[in-house]
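Letters A, B, ... are given to chains in the order of the sequence lines, protein chains preceding strands, and every chain is numbered from 1.
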Amino acid sequence: MASFFDIRARQAAAAATASSSKQQTPTQDNRLQPWVEKYRPKSLDDVTAQDHTVTVLRRTLQSANLPHMLFYGPPGTGKTSTVLALAKQLYGPELIKSRVLELNASDERGISIVREKVKDFARMQLSNPPAGPAGEEYRKKYPCPPYKIIVLDEADSMTQDAQSALRRTMETYSKITRFCLICNYVTRIIDPLASRCSKFRFKSLDEVNAGKRLQDIAKLENVPLEDGVVDTLLRCSEGDLRKAITFLQSAARLVGVVQAAPAADKKRKRAKIDDDEDEDVMDVDQPSSSNLVTVRSIEDIAGVIPTNTIDNLLTAMQPSSKGTVYGRVSKAVEDLVAEGWSATQIVTQMYEEIVIKDDTTGDWQKARIVLCFSDVDKRLVDGSDEHLTILDLCLQVAGILGER
Amino acid sequence: MALLVDKHRPRTLETLTYHSDLSARLRSLAASGDFPHLLIYGPSGAGKKTRITATLRALYGPGVEKIKIDSRVFQTSSNRKLEFNIVSSNYHLEITPSDVGNYDRVVVQDLLKEVAQTQQVDLSAKQRFKVVVINEADHLTRDAQAALRRTMEKYSPNLRLILLANSTSNIIAPIRSRCLLVRVAAPTEEDIAGVLARVGKKEGYKSCEPLERRIAKDSGRNLRRALLMFEAVHAQNDNVTEKTQIPPPDWEALIEVIAKEMIEERSPQRILQVRAKLYDLLTHCIPATTILKTLTFKLMPKVDDALKSDIVKWSAFYEHRIRMGSKVIFHLEAFVAKFMRLYEGNLMGMDMDFDD
């Protein structure tokens, strides 16, 4: 990290005019940048919680040899971050543009692209690290190994054909090119490709590490957090750190911590151009207590339904003597739908309450309840009417619960 | 002569009546200069669109209300020409990509790119970015949504999106995680009654609180519908009282008739009669889902408690089939037949469950 700025400073001294104008542009937009991008790990050491992978990769930094890689794991666990950090450490800021090709699902990635773009890049000669005394220094900092890296992000959304077209390319140019495939579901990668790569599994982040990261970011951004906000963030994001950071940023925006009035804004921007290096010290003005990020606001952004609303529905579903089950349930469901809660969220939270947390229901009943859930989920994905579907789910579950 | 709904639509964030903390949030977002992409969701008639228009006004000033309608022609990859209407002002565009069905991806890609690549023309504009409002975002195809993903990141300095949807279920997770989610809940019955009273006063109608309450209740917490009903009642009766009938929409009345017929007699002949009515509804462009849903809720009070959960079950089942299948009348009729059998079975005291 320090070395990174170090080298930057040196280059700035060498080519004063050119590089300083180059550096201004990113810092200017820095404040509006998503925090996810802003706080992406800058080196392998910053990558948290993926010890195994990081150890293996760090060894490759020394030995300058790298296998083809296949990273897989749930979203938001740092797959892309790891490979970007690795690339940064291998090549440094100068070479990274010519040595790394990153393609993700939003780029067109049919078979034609694999044939042309990927193949062309794979076949290209290696670009040279900078020459002269500055280059010596540069090579000392960054190993600059003699191969390029092609990162195929979200490789599981590539078509089978496109994947097949990769096979031979991977082997033919393996002298000068390494591939890194990144995906969520390793089963969607065809076997011939998978067998050519060494696989790294990324596990879900544990709460301690993720929590620490969130707190760091909040501190750097000067966002005051209420007690328990971090826990809520982690709970709502289900192990997905990217989601958690986005939620945090949205919440900060919503309570108005990040921005000041537009006039002050402009002034700050101009000030920032002058001292462009220290952008981490952002809002110095003391935030008042009203723009505290609260647990409720996080839940609001994440679309999580308040516990008592769900409890209401659950009590309505319990068999009891007064009133009919249908009457109570239909009323509760109607309210939920009118409040605009998303049906998938209702289903997820009900599932958690009924199947996971409730111990009093027997296994046989739970098994049947789970069947209902699966049915309903499929219907919602197909775009069925939410009101009817949720009502159906609740009535069926209530029926099953009533049997005991 | 404008309808009450349009005539008394609040134009600014300050004049919005309910959900005041939401309005306050929107105001602070609009004032901050760091305006995120928004995904607004909530049931229909909750005031999503009104809130957005007001927010846009807060962003750009009254200039956004000068709108014009353009018709644009797009060409698909198979050389088909698509005509597409765009509502636009100097500062924002409003599109309904679901109008063009499966080709929405082309529209989303071409149009947004074009907008995003041009800077704001008006130098005196308050914001550097333009806003594109996408209506019915939950009806966008997966392809179109995937195409949006990249656009949202790449062009974010020039472009902000506001997506309007009824539910977030059909919006893919990457989009959801890039937007600030804003839920607009339906107004409560008190809110609606309050709005009706205020509008009535402005129009010089005689106030009649019980009637307003009844309309609020009947509207199913849909403010647009409540206002339309309110206007209809006053248009049809010069002098409204507590007991004035609220005329239901024609289609609802017809569905009521169908429900009654289904309960009265359960026979193949009756199915034929019902079918004629169903066709009638369908030819008047009432969506099949609405028919099925309304029918189900009309049948509910008329049947035995024991049957209710079964009926909902089959109703949901056939609703799913309608969504998946291509010819809706089959599934509507199947529901009618199923209902008749369930009802008959219950009357006979038999437990007819041999097809589960």
Side-chain angles (χ1 to χ4, degrees), chain A residues 29 31-32 34 75 104-107 157 240 242-243 246-247 249-250 253-256 258-262 265-266 300-303 324-327 329-330 334-335 337-345 375-376 378-389 391-393 395-396 398-399, chain B residues 25 28-29 31-34 36 41-43 46 126 138-139 146-147 149-151 153-154 156-157 166-171 173-174 176-188 220-222 289-290 292-293 296-297 300 305 308-310 312-317 319-320 322-324:
Chain A
D29 288 332
R31 209 177 59 93
L32 302 181
N104 63 22
S106 45
D107 301 307
S157 67
D240 183 341
R242 176 181 33 211
K243 222 183 195 174
T246 318
F247 283 157
Q249 185 173 19
S250 307
R253 258 178 192 158
L254 210 58
V255 295
V258 196
Q259 349 69 15
D265 192 300
K266 261 181 217 150
D300 231 19
I301 287 163
T324 62
V325 175
Y326 174 79
V329 171
S330 70
E334 214 166 282
D335 283 347
V337 172
E339 288 295 318
W341 299 111
S342 114
T344 30
Q345 186 65 37
D375 219 21
V376 161
K378 159 83 177 136
R379 283 184 196 169
L380 286 176
V381 169
D382 287 341
S384 291
D385 184 83
E386 298 195 342
H387 188 167
L388 265 183
T389 315
L391 184 59
D392 176 30
L393 171 71
L395 285 176
Q396 282 195 46
Chain B
R25 278 177 185 178
S28 81
L29 279 180
S32 72
D34 177 20
Y41 66 103
K126 283 190 195 160
D138 44 352
H139 291 286
R149 239 169 112 160
R150 185 79 187 129
T151 321
E153 285 180 342
K154 206 165 162 189
S156 64
N166 279 337
S167 141
T168 55
S169 300
N170 292 327
I171 298 201
R176 259 184 288 166
S177 73
R178 281 176 179 78
C179 296
L180 178 56
L181 271 82
V182 178
R183 183 175 59 91
V184 182
T188 58
R221 295 178 69 178
N222 180 335
T289 305
T290 317
L292 187 59
K293 209 169 134 184
T296 311
F297 288 118
M300 275 311 155
D305 275 345
K308 282 176 177 162
S309 93
D310 269 348
V312 172
K313 176 173 157 197
W314 288 107
S315 165
F317 176 82
E319 204 276 327
H320 182 222
I322 286 175
R323 198 60 68 159
M324 302 308 287

Closest heavy-atom pair and its distance - B:Asn170, A:Val381: OD1-O, 4.1 Å
Which of B:Pro187, B:Cys179, B:Ser309, B:Pro36 touches chain A most, by non-hydrogen pairs under 4.5 Å: B:Pro36
When A:Thr246, A:Leu391, A:Val337 are compared by non-hydrogen pairs under 4.5 Å with chain B, the top option: A:Leu391
Member of A:Leu395, A:Leu393, A:Val329 meeting the side-chain contact (heavy atoms from CB on, under 4.5 Å) criterion with B:Val312: A:Leu395
Nearest-0.5 Å distance that lies between atom OG in A:Ser342 and atom CG in B:Asp138: 11.0 Å
Top of A:Ala343, A:Gly340, A:Gly327, A:Pro75 for chain B proximity - count of heavy-atom pairs under 4.5 angstrom: A:Gly340
Chain A contact via B:Thr289 - which portion, at a heavy-atom distance below 4.5 Å: side chain
Residue B:Phe317 versus chain A: region with a heavy atom under 4.5 Å: both
CA sep, side-chain torsions, deciding dist, call: B:Lys293, A:Glu386, salt bridge (Lys or Arg N to Asp or Glu O under 4.0 Å): CA-CA 11 Å; B:Lys293 209 169 134 184; A:Glu386 298 195 342; over 6 Å; no
Stepwise salt bridge (Lys or Arg N to Asp or Glu O under 4.0 Å) check, B:Arg183 with A:Glu339: CA-CA 8 Å; B:Arg183 183 175 59 91; A:Glu339 288 295 318; 3.7 Å; yes
Taking every non-hydrogen atom, the tightest pair across A:Ala338 and B:Pro43: O-CG, 3.1 Å
Inter-residue atom distance B:Leu180.CG - A:Phe247.CZ, 0.5 Å rounding: 10.5 Å
For A:Asp382 against B:His320, the heavy-atom pair lying closest together: OD2-NE2, 2.7 Å
Nearest heavy-atom neighbours spanning B:Lys313 and A:Asp392: CA-OD1, 3.2 Å
Taking every non-hydrogen atom, the tightest pair across A:Asp385 and B:Glu319: N-OE1, 2.7 Å
Distance (rounded to the nearest 0.5 Å) between A:Ser330 OG and B:Lys308 NZ: 8.0 Å
Over all atoms of both residues, closest heavy-atom pair of B:Ala316 and A:Thr389: CB-CA, 4.5 Å
Atom pair CZ (B:Phe297) and CD (A:Glu334), whose distance is rounded to the nearest 0.5 Å: 6.5 Å
Side-chain touch B:Arg221/A:Asp335, heavy atoms, less than 4.5 angstrom: yes
